[in-house]
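Here is the structure we will look at, set down as structure tokens.
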Number of protein chains: 2
Amino acid sequence: MSQVQEAARPGLSDDELRERVLEAADRLYYGRGIQAVGMDELRTEADVPLKRLYKLFGGKDAIVAEVLRRRSALWETGVRAAVAAAATPREGLLAVYDHLARWFGETDFHGCIFINSFGELGGCSPDVAEIVRAHKAAFQDYVAALVADAGGPRALAAQLAILAEGAQTTAAIAGTPEAAAQARAAAATLIDAAGLPG
Amino acid sequence: MSQVQEAARPGLSDDELRERVLEAADRLYYGRGIQAVGMDELRTEADVPLKRLYKLFGGKDAIVAEVLRRRSALWETGVRAAVAAAATPREGLLAVYDHLARWFGETDFHGCIFINSFGELGGCSPDVAEIVRAHKAAFQDYVAALVADAGGPRALAAQLAILAEGAQTTAAIAGTPEAAAQARAAAATLIDAAGLPG
DNA sequence: CATCGCGGAGAACGACCGTTCTCCATTGTC
DNA sequence: GACAATGGAGAACGGTCGTTCTCCGCGATG
């Protein structure tokens, strides 16, 4: 058995390695913060040669941006699926908070990676700040579209989005998931007060 | 004029120097993040000898903790004053969001330093995480007391706190202050729906 | 078989971190 | 006036960061 273990395989594709790196980076950055995780630890966790890592991504900044973009797409997919499963427009809006509740209940929940990254790097990295801003703006636009489809007033959308944001920070800091249910109840009250059809 | 400019004074008191250091640390940490600001930059900004800095505080962790504790006290003072100026319990609750609106409108607003610090260090520093948790818990307790005094239901307090949190993150990331007014409108709706006397 | 080039492992590099230490001017005391 | 003590300025230290480079074993090619 030579010292070369992995190279015995016909050679892992670039796409496969990118996937491994991004999965590891997501897990490490989300759990401990971006600055706290060095390239060497990422290299070890993903089991990818450092040289290949730099050839595939160019540098840490690009990996961070890619991780955030993937999380954004994952979030969008998840919330859209939750909303699509609802029977009525009103329940579709409330399904957003049920989706949050499931997320908050996961054992490795550590808050919203966009809020966390913005707190960590927003003051120093315009790139990260812009990705976070775009992600949150897209969510607000999505909620606005849901509210419009449901025939609700324009002002309701911003209020519902603020409730979702507040639930995320509250649950993350408290370390408990009940903020989702509290935000859901508040959302239901706001929706009803807006005279939205049930 | 010798090279010793400051020492010509009879000697700055420890309290005075502590104040200068904490003021500079607050400004730098809040604007750019904690890990992005080194002790040398803090030394320069506060114009305090590095040796004295370590004698006064012991280390960076202690400075960070002290900055957060001061911000917590400052926030508590500010929000209590805003509430106290209100004529009725209902307006007292809404005054919280007016206070947020004034804060969001400040030119150097960069979000909530507790949310930011938690995002940056919450996964690595139990000390920071605990200070942030305690600060947010104290705010929730304060809102709960206001709601109780106003005769509102227990569930309303958590909803109002979540709105305040969401407004802070939304305003910080978007870079605009309108989330405060949106949260205030939502709060008014929730308060009215709870049947709280006007 | 000789040679070449690719890719992997990890050392090396410069920069910066938090912290400590060295050196020196100044000051208060006998 | 000699001298210990204080405190300032900044170099030094060990460690870690992101990134690059060196070296070597390997497979492909003539």
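No experiment lies behind these values; they were computed from the predicted model shown. The basis for the numbers below is simple: all heavy atoms, side chains too, and nothing from hydrogens, waters or symmetry mates. Naming convention: chains lettered A, B, ... in sequence-line order (proteins, then strands); numbering from 1 in each chain.
If you take CZ of B/Arg43 and P of D/dA9, they are 6 Å apart, rounded to a whole angstrom. Regarding B/Met39, its CE atom lies at a distance of 15 Å from the C1' atom of D/dG10, rounded to whole Å. At whole-Å resolution of the value, CG in A/Asp47 and C1' in C/dG8 are 11 Å apart. Straight-line distance from the CZ atom of B/Phe57 to the C1' atom of C/dG18: 16 Å, rounded to whole Å. The nearest whole Å value for the distance from the CD atom in A/Gln35 to the C1' atom in C/dC16 is 13 Å. A straight line from CG of A/Leu42 to P of D/dT19 spans 11 Å, rounded to a whole angstrom. The CG-P distance, from A/Asp61 to D/dG18, rounds to 10 Å in whole Å. Here the P atom of nucleotide C/dC6 and the NZ atom of A/Lys51 are 10 Å apart, to the nearest Å.
Using a 4.0 Å heavy-atom cutoff across all strands shown, A/Val37 reaches sugar-phosphate atoms only and no base atom.
In this model, the phosphate group of D/dG7 is approached by a side-chain N or O of B/Lys55 to a distance below 4.0 Å at OP1 or OP2. Close to C/dG7, at under 4.0 Å from its OP1 or OP2, lies no side-chain N or O of A/Arg52.
You'll find the ring centres of A/Trp75 and A/Phe139 inside the 6.0 Å limit.
Once rounded to the nearest 0.5 Å, the distance linking CG of B/Leu163 with CD of A/Gln159 reads 8.0 Å.
Mapping A/Gly38 and B/Leu50 onto DNA chain D by nearest heavy atom places B/Leu50 at the nucleotide closer to the 5' end.
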#### Entry: side-chain contact (heavy atoms from CB on, under 4.5 Å) evaluation trace for B/Phe114 with A/Ile173
CA-CA 9 Å; B/Phe114 298 94; A/Ile173 292 174; 5.7 Å; no

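Of all nucleotides listed (C/dT19, D/dA9, C/dA9), D/dA9 comes nearest to the side chain of B/Pro49.
At least one side-chain heavy atom of A/Lys136 sits less than 4.5 Å from a side-chain heavy atom of A/Cys112.
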